[in-house]
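As a basis for the values below, the full set of heavy atoms in this structure was taken, side chains included, without hydrogen atoms, waters or symmetry mates. All residue numbers refer to positions in the sequence shown, counting from 1.
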Amino acid sequence: MSSSITSISFDCHRPYALSRFWAEVLGFIEDPADPNAPDDPEARLIDPRGLHPALVFVPVPEDKVVKNRVHLDLRPHGLRDEE
């Protein structure tokens with residue numbers, strides 16, 4: 001099975017605020033076709049150079065307790081169901 005990372009997702013309490021911080025740090029931008037808003041259910045940033053996966057910030061109600069809450073979203077090179 002072969003896949004590519006399309007985005008890295010972060011569970012967090014304030015997706016929009018966290019996306020603004022990482023946009024400043026990494027030089028990532030909002031998707032011009034789908035810009036973020038403070039009340040959106042999630043926030044997404046893209047690398048304007050197209051070199052790195054997108055970053056997605058997803059709200060969760062619970063606090064972080066032990067492990068980091070990050071996961072990779074993958075896109076198979078073939079058909080998903082076949083992979």
Side-chain angles (χ1 to χ4, degrees):
M1 176 166 74
S2 179
S3 299
S4 298
I5 299 170
T6 59
S7 60
I8 302 171
S9 296
F10 298 86
D11 292 347
C12 58
H13 284 287
R14 297 177 18 216
Y16 184 77
L18 196 57
S19 74
R20 300 309 323 134
F21 170 80
W22 285 107
E24 288 282 325
V25 171
L26 298 174
F28 278 36
I29 61 170
E30 295 179 5
D31 183 344
D34 187 18
N36 300 320
D39 59 343
D40 284 345
E42 68 180 36
R44 181 177 176 85
L45 297 174
I46 59 173
D47 177 1
R49 300 166 296 160
L51 300 176
H52 303 287
L55 303 180
V56 179
F57 302 90
V58 183
V60 294
E62 65 275 358
D63 290 329
K64 176 182 169 188
V65 178
V66 179
K67 62 181 183 172
N68 289 329
R69 299 183 321 182
V70 175
H71 68 270
L72 304 177
D73 294 327
L74 303 175
R75 176 182 299 145
H77 291 157
L79 297 175
R80 184 187 60 149
D81 290 343
E82 290 176 7
E83 293 293 334

Legend entry - Minimum-distance pair of heavy atoms, taken over all atoms of R20 and L45: NH1-CD2, 4.3 Å
Inset, instruction - Give, for atom CD of E42 and atom CG of D11, the distance between the pair rounded to the nearest 0.5 Å. - result: 11.0 Å
Inset, instruction - Answer with yes or no whether the hydrophobic clustering places L26 together with Y16; edges join I, L, V, M, F, W, Y residues whose side-chain heavy atoms lie under 4.5 Å apart. - result: no
Legend entry - Spatial distance of atom OG (S19) from atom CD (E24) [nearest 0.5 Å]: 10.5 Å
Inset, instruction - Quick one: closest heavy-atom pair of A43 and P15, and the distance? - result: CB-O, 3.7 Å
Legend entry - Over all atoms of both residues, closest heavy-atom pair of P59 and P41: CD-O, 2.7 Å
Inset, instruction - Quick one: closest heavy-atom pair of D31 and I46, and the distance? - result: CA-CD1, 3.9 Å
Legend entry - Atom pair CZ/CZ of R44 and F28 - distance to nearest 0.5 Å: 10.5 Å
Inset, instruction - For residues F57 and W22, determine if any side-chain heavy atom of one lies less than 4.5 Å from a side-chain heavy atom of the other. - result: yes
Inset, instruction - Answer yes if L55 and I29 sit in the same cluster of Ile, Leu, Val, Met, Phe, Trp and Tyr residues linked by side chain heavy atoms under 4.5 Å apart, and no otherwise. - result: no
Inset, instruction - Measure the CG-CG distance between D40 and D34 for me, rounded to the nearest 0.5 Å. - result: 7.0 Å
